[in-house]
*Asks:* 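My questions all concern the structure below.
Numbered from 1 within each chain, the chains take letters A, B, ... in sequence-line order.
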Number of protein chains: 2
Amino acid sequence: MRILIAEDDDIIADGVSRSLGQAGYSVDWAAHGEAAEEALLAHSYDLLVLDLGLPRLSGLEVLKRLRARHSTIPVLILTALDGTHDRVRGLDLGADDYMVKPFELAELEARVRALTRRATGNSPAIVCGSLSFDPVGRVTQIDGVPLDLSAREIGLLEILLARMGRLVSKDQLVDHLCGWGEEVSHNAIEVYVHRLRKKLESGGIKIATVRGLGYCLERPQGE
Amino acid sequence: MRILIAEDDDIIADGVSRSLGQAGYSVDWAAHGEAAEEALLAHSYDLLVLDLGLPRLSGLEVLKRLRARHSTIPVLILTALDGTHDRVRGLDLGADDYMVKPFELAELEARVRALTRRATGNSPAIVCGSLSFDPVGRVTQIDGVPLDLSAREIGLLEILLARMGRLVSKDQLVDHLCGWGEEVSHNAIEVYVHRLRKKLESGGIKIATVRGLGYCLERPQGE
DNA sequence: CTTCCGCTATGAGAATGCGCATAAAACCCC
DNA sequence: GGGGTTTTATGCGCATTCTCATAGCGGAAG
């Protein structure tokens, strides 16, 4: 799950990205409207958190262009206390939710969860054999028993589930786990896979290795 | 967008088909499992709304056969409140979403939208007799059973499938398998072909040798 | 028909480097 | 600073790849 934050106040941006990063999302940050526009064109995000008071290119303008391109990415707008007018206009332009500054990080997280859920097609849970993954709460269960996973493990599992039964290269994994700027070695991926495998093996879930190409979460036998 | 509804309760079926028809889909209705099976074989649908409690042929069976034919149509299953077990089994068999009766038509519509949207992103598998190959996931199945191939074998199969029924020279194979700097001997190609043949023979897939010219993946009968 | 030569099949062995495991270091949040 | 998590470091095992040697096959020429 990849999220773009368009926010000029770097203290807020920092807090938000930490908080969401902690929750297992990979977060990119754009400090002004043009950077946001560029990032949106260059990558595919699952959610945009958009401050309306952006320099260079206003948040409303970014949103307008985004929707003009028929993008359906969920957008959560951030607005100052007195920006009622803009807020309304934002919702008119196709924003999905809004928050008024200052806000609680916990509440932001909750709303982000709600919005990303919608993006995953409303599916209540992704099931793979005895494993079920709830994209809303980002909670994993094996045979109904909650499984304790770290942020990185959740991120890894998420993309493997999204591409269940297909091969996923290490580069693809790196892409999904990290925003740009931060990169992680292939070795790190191997370590995550190792740990995730250990936690999943009790449920009979297997991650197959294809040497030189990548990993593949085995789809449970449809029989 | 064409949708098939397999549902024996004609009141529900009527409501659903009106609602979806209203929304611009063209809707067919099958009142029992065999009719659904027949319709699925006769036409190509973009979505199947499947009641699990069908007479004549159960919904689970319909779904199972559908997936056995390597169909990737999105399937939304309808289930009674107490059908937890069947629901889980349905998702295991490759259903994409489910709804519990009774449900709101508006919600059904929303989920149908989500599923049909997702479908357009799906890549069609390349099928050759009992073999199917997903070019995106680079995963091979024979009669629905995943086949364990190495990187080189996958690469070889990939290009043979792309030129199915046509002759592929060894030089072409070398080109496709190796990057710029690296080269590989013709003898190596022979070895890959040998190993790939061994793994494919159980599925009745044949790679013909054309002496002095190259190899050719035989197109299955009936096309 | 027989012989010969070159192409292909096949098995076995060797080399490479990928991925695994484990440990240890950096990091981060409370 | 202490628990957790993330990341880097490192050596080993082994699957995969590739070469080699040999046997099989097919076509062409004599």
*Asks:* Report the distance from atom NE2 of A:His194 to atom P of D:dT5, rounded to the nearest whole Å.
*Replies:* 16 Å
*Asks:* Taking atom C1' of D:dT5 as reference, at what distance in whole Å does atom CG of A:Leu149 sit?
*Replies:* 13 Å
*Asks:* Between A:Val191 and A:Lys170, which is nearer to the 5' end of DNA chain C once each is assigned its nearest nucleotide?
*Replies:* A:Lys170
*Asks:* To the nearest Å, give me how far apart CD (A:Glu201) and C1' (C:dC20) are.
*Replies:*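 Taking CD of A:Glu201 and C1' of C:dC20, I get 14 Å after rounding.
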*Asks:* Sub-3.5 Å donor-acceptor pair from the side chain of A:Arg152 to the main-chain atoms of A:Tyr192, do we have one?
*Replies:* no
*Asks:* Which one, D:dT5, C:dA9, D:dA15, comes nearest to the side chain of A:Ser150?
*Replies:*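 When the side chain of A:Ser150 is considered, D:dT5 is the closest of D:dT5, C:dA9, D:dA15.
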*Asks:* Taking the basic N atoms (NZ, or NE/NH1/NH2) and the acidic carboxylate oxygens, is any pair closer than 4.0 Å for B:Arg138 and B:Asp134?
*Replies:*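 Here B:Arg138 does not pair with B:Asp134 in a salt bridge, since their nearest N and O are not under 4.0 Å apart.
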*Asks:* With a 4.0 Å cut-off on heavy atoms, is A:Arg152 in touch with a base, just the backbone sugar-phosphate, or nothing at all?
*Replies:* sugar-phosphate
*Asks:* Nearest whole Å is fine: how far is D:dT8 C1' from A:Tyr192 OH?
*Replies:* 10 Å
*Asks:* Please report the distance, rounded to the nearest Å, between CG in A:Leu196 and P in D:dT6.
*Replies:* 12 Å
*Asks:* Compare the minimum distances between each of D:dT8, C:dG19, C:dT22 and the side chain of A:Lys198, then state the nucleotide with the smallest one.
*Replies:* C:dT22
*Asks:* Are any of the side-chain heavy atoms of A:Leu40 and A:Val62 separated by less than 4.5 Å?
*Replies:* yes
*Asks:* Given atom CD1 of B:Ile207 and atom C1' of C:dA9, what is their separation to the nearest angstrom?
*Replies:* 13 Å
*Asks:* Any base atoms under 4.0 Å from A:Arg195, or only sugar-phosphate, or nothing? Heavy atoms, all strands.
*Replies:*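 Contact class for A:Arg195: base.
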*Asks:* Please state how far atom NE2 in A:His186 lies from atom P in D:dA9, giving the value in whole angstrom units.
*Replies:* 15 Å
*Asks:* Identify, between A:Ser185 and B:Asn187, the residue whose nearest nucleotide on DNA chain D lies closer to the 5' end.
*Replies:* A:Ser185
*Asks:* State plainly whether the residues B:Glu190 and B:Arg195 are in salt-bridge range, i.e. N to O under 4.0 Å.
*Replies:* no
*Asks:* Which heavy atom of A:Leu177 sits nearest to which heavy atom of A:Leu156, and what is that distance?
*Replies:*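 In this case the closest contact between A:Leu177 and A:Leu156 is CD2-N, 3.6 Å.
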*Asks:* Could you state the atom-to-atom distance from CD of A:Glu190 to C1' of D:dA9 in whole Å?
*Replies:*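 My rounded result for the distance is 12 Å.
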*Asks:* Please state whether the phosphate of D:dC14, meaning OP1 or OP2, lies under 4.0 angstrom from any side-chain nitrogen or oxygen of A:Arg211.
*Replies:*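 Looking at the OP1 and OP2 atoms of D:dC14, neither is under 4.0 Å from any side-chain N or O of A:Arg211.
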